[in-house]
Amino acid sequence: MAKVTLPDGKTREYADGTTVLQVAESIGKRLAKDSVIGIVDEKPVDLGFKITGEVKLKLVTKQQPESLDHLRHTCAHIMAQAVLRLFPKTKLAIGPPIEDGFYYDMDPEKPFTPDDIEKIDAEMQKVLASNFPCERFEMPRTEAIERCKKEKQDYKVEMLGEWTDDKVSFYTQGDFTDLCRGPHLASTGVVPAVKVTRATGAYWRGDEKNKMLQRLYGTAWWSKEDMEKHLFLIEEAKKRDHRKLGQELDLFSVHNEIGGGLVHWHPRGSMIRHVMEQEWYADHIKRGYLLVNTPHIASEEIYKISGHLEAYKDLMFGAMMIDDRPFRVKPMNCPGHIMIYKTKLHSYRELPMRLAEFGTVYRFEKSGVLHGMLRVRGFTIDDAHIFVTPKSVEKEIIDVFNFAVEWLGKFGFKDLAIYLSTRPEKSVGAAADWEKTEAALRNALNNAGVKFQLDEGGGAFYGPKIDIKVRDSLGREWQCSTVQFDFNLPSEQRFNLSFVGEDGNRQQPYMVHRALMGSVERFFGVLTEHYGGAFPVWLSPAQATVIPIADAHIPYAEAVAAQLRNAGFRVDVDARNERTGHKIRDAAILKTPYMLVVGEKEVAAKQVAVRERAGKDLGVMDVTRFESLLREDVASKR
RNA sequence: GCUGGCGUAGCUCAGCUGGUAGAGCACUUCCUUGGUAAGGAAGAGGUCGUGGGUUCGAUUCCCAUCGCCAGCUCCA
């Protein structure tokens with residue numbers, strides 16, 4: 001007798017060897033139809049799994065999000081099956097489900113072309129149509145190694161050699177068999193919607209020392225509509241790509257002749273940056289930060305002291321000789337701020353001392369990682385270094401964290417991912433200090449009630465950090481804010497910083513490195529995608545465009561613009577010899593928040609006809625009335 | 001850096017198997033003075049990323065190189 005306990009606590013009895021599917025059928029037709037796999041005693045199993053003895057059973061149905069993982073896992077196998085049919089000599093590596101889809105890493109004789117992808121996709125449809133049952137069988141691991149050797153599946157042999165299980169499982173679906181832990185869908189025909197999306201390279205086991213394999217990506221869903229929706233969202237995301245918008249909206253450019261990863265801010269982009277910087281300065285001054293400015297190059301000597309040459313060398317541009325001394329372009333702003341701190345003796349009463357700067361740094365990033373404004377070689381950090389007594393470091397860290405959250409909120413970033421990043425491989429300082437400071441950051445976050453994830457080994461070389469990441473339109477996470485705890489640079493072995501304590505003795509301060517935006521370039525890129533280029537009024541490079549209907553109305557348009565500019569707003573006049581519709585369209589494409597149409601009637605009444613960028617007509621109003629409308633928008637960061 | 005793809009006018013792109021280039025938008029001029037997402041006409045604009053090679057001849061084929069794109073690795 002098999003005794004099955006269901007999630008609701010009820011127990012049912014079946015004959016030994018009853019399958020999971022049969023149990024589902026005994027409960028309800030609908031349940032049986034929607035069940036994808038079973039979970040027996042916490043272990044996922046196929047629907048065909050035969051139950052014996054006393055077990056707990058949970059059925060995973062299509063309605064549960066995790067069922068998609070199993071669908072996609074089976075799809076990875078179906079894709080591999082299609083590939084082997086078309087390219088029999090392909091060697092298979094691994095094929096897991098991922099967010100929104102799956103991939104399979106493989107080693108074909110020739111890399112896949114876009115044409116191959118279509119063929120593979122078509123072949124997959126045939127596999128679906130055949131509705132092969134996915135059948136599990138087991139064999140001893142040693143036997144499995146022999147089998148895979150015979151089939152020349154080198155990567156499977158390698159994996160099997162490393163496993164310790166005595167028995168391993170395979171799955172067969174029609175003409176295809178693959179080593180796999182399972183579970184799988186009952187048959188290939190169960191898959192309603194699947195598509196191969198792209199092929200790229202990927203290192204075997206993610207290690208760049210290993211061979212580069214071909215990774216085929218695919219996506220799969222429980223309905224065609226879900227897949228269409230997903231593909232549509234991807235298309236929409238492409239429209240928001242900051243590189244595309246950067247060109248369309250005339251925000252920035254990058255030039256071959258000057259070099260990759262070196263961003264040129266155009267007037268419209270620079271205006272947005274300027275507004276952000278002004279806001280930033282005001283917020284920092286309000287919180288007692290002190291503004292500083294430091295040079296872009298420095299003698300190597302300083303980077304020996306800081307440890308950059310030791311731990312950060314690969315990311316620094318090469319040395320240039322000046323007066324027979326090697327100099328470097330700065331990769332970080334901390335040494336300069338530290339030197340300012342060191343110019344005099346400080347009392348504990350002065351701390352925390354917060355030195356802030358928009359510091360432009362240059363880092364040598366490998367050419368393949370450069371990406372618009374999000375990954376560049378020269379960028380400006382909205383940097384600050386806070387010199388703080390050990391006693392108040394935890395409070396300062398929380399203050400900074402809250403400052404960062406408030407700052408991101410101003411730009412509509414509410415969905416944040418927070419990480420605690422611990423000691424990296426290349427690091428300086430004693431292990432005990434690392435443990436102590438990691439614990440301090442953890443405490444600070446816990447005490448503030450912040451939920452966070454751990455990023456093992458993701459810290460800076462001089463200390464652990466708290467990172468806040470935001471998502472771009474393609475779902476990629478980008479690090480913006482960072483709060484870093486540094487006990488290394490102030491130490492005797494480095495810059496030997498001190499302050500005079502209450503007892504009159506010299507003590508060593510801690511440092512907090514922090515940035516709210518991280519890189520201004522990256523932040524701007526993410527922001528552009530976030531708003532889809534439709535910047536809120538307070539940030540928009542042009543807040544309104546005055547559109548005279550005919551040449552006769554140009555003087556009045558200029559007068560309106562002058563009045564608004566006088567009031568502190570950014571206003572253009574479109575005096576081109578074009579029809580009104582044309583000018584409206586162009587302003588809409590540039591996503592200018594307001595269009596002020598002025599013709600004969602407006603000139604006579606001394607008014608403007610206001611239209612929003614999305615098309616809404618706000619009617620005719622006095623210029624002063626429009627002025628207060630703008631003022632409200634700016635004040636509320638709309 | 002690695003694997004694959006791409007690189008034609010300011011932008012978006014056409015150009016089959018080799019015979020030195022085309023469209024739309026943008027730009028300039030003229031006509032038009034037009035009321036809420038493209039008024040009309042004419043003109044100008046390219047050593048087809050760069051350097052080699054094959055060929056009587058290369059934007060087209062081959063090699064190298066640079067850049068961009070998708071990922072991998074790495075990272076703010």
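Just so it is clear: chains get the letters A, B, ... in the order the sequence lines come, proteins before strands, and each one is counted from 1.
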Under the criterion ring-ring contact (aromatic ring centres under 6.0 Å, His included), I'd like the reasoning laid out for A/Tyr103 against A/Tyr217: C-alpha separation, chi angles, the key distance, then a yes or no. CA-CA 4 Å; A/Tyr103 67 79; A/Tyr217 283 93; 5.8 Å; yes
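Checking side-chain atoms of A/Arg613 against main-chain N and O of A/Lys591 turns up a donor-acceptor pair under 3.5 Å.
With hydrogens and angles ignored, no donor-acceptor pair under 3.5 angstrom links the side chain of A/Arg613 to the base of B/rA37. The base of B/rA76 lies outside donor-acceptor range of the side chain of A/Gln484, with no N or O pair under 3.5 Å. For A/Asp105 against B/rG71, no side-chain N or O and base N or O form a donor-acceptor pair under 3.5 Å. Counting atom types as modelled, A/Arg585 pairs a side-chain N or O with a base atom of B/rA38 as donor and acceptor under 3.5 Å.
Regarding A/Leu315, its CG atom lies at a distance of 13 Å from the C1' atom of B/rG1, rounded to whole Å. Residue A/Asp207 contributes atom CG, which lies 15 Å from atom P of B/rU3 at whole-angstrom precision. We find that CZ of A/Phe461 is positioned 19 Å from P of B/rC74, with the value rounded to whole Å. Atom-to-atom, CZ of A/Arg377 to C1' of B/rC68 comes out at 13 Å; the value is rounded to the nearest Å.
The ring of A/Phe379 lies on top of the base of B/rA76, close enough and flat enough: under 5.5 Å between centres, under 30° between planes.
The residue A/Lys601 sits close to a base: some heavy atom pair falls under 4.0 Å. Contact annotation for A/Arg215: backbone-only contact, meaning every heavy-atom pair under 4.0 Å involves sugar-phosphate atoms and none involves a base. Counting any heavy atom pair closer than 4.0 Å across all strands shown, A/Lys110 reaches no nucleic acid atom. Among the protein residues, A/Tyr217 comes within range of the sugar-phosphate backbone only, with heavy atoms under 4.0 Å from sugar or phosphate atoms but none that close to a base.
Between B/rA38 and A/Arg576, no contact under 4.0 Å exists linking OP1 or OP2 to a side-chain N or O.
Using cut-offs of 30° and 60° on the angle between ring planes, the pair A/Phe252 and A/His242 is parallel.
Both A/Gly518 and A/Ala202 lie near RNA chain B, and the one whose nearest nucleotide falls closer to the 5' end is A/Ala202.
For A/Val597, taking side-chain heavy atoms from C-beta onward, the closest of the listed nucleotides B/rG35, B/rC75, B/rG71 is B/rG35.
Spacing between B/rA9 and B/rG43 at atom C1', rounded to whole Å, works out to 15 Å.
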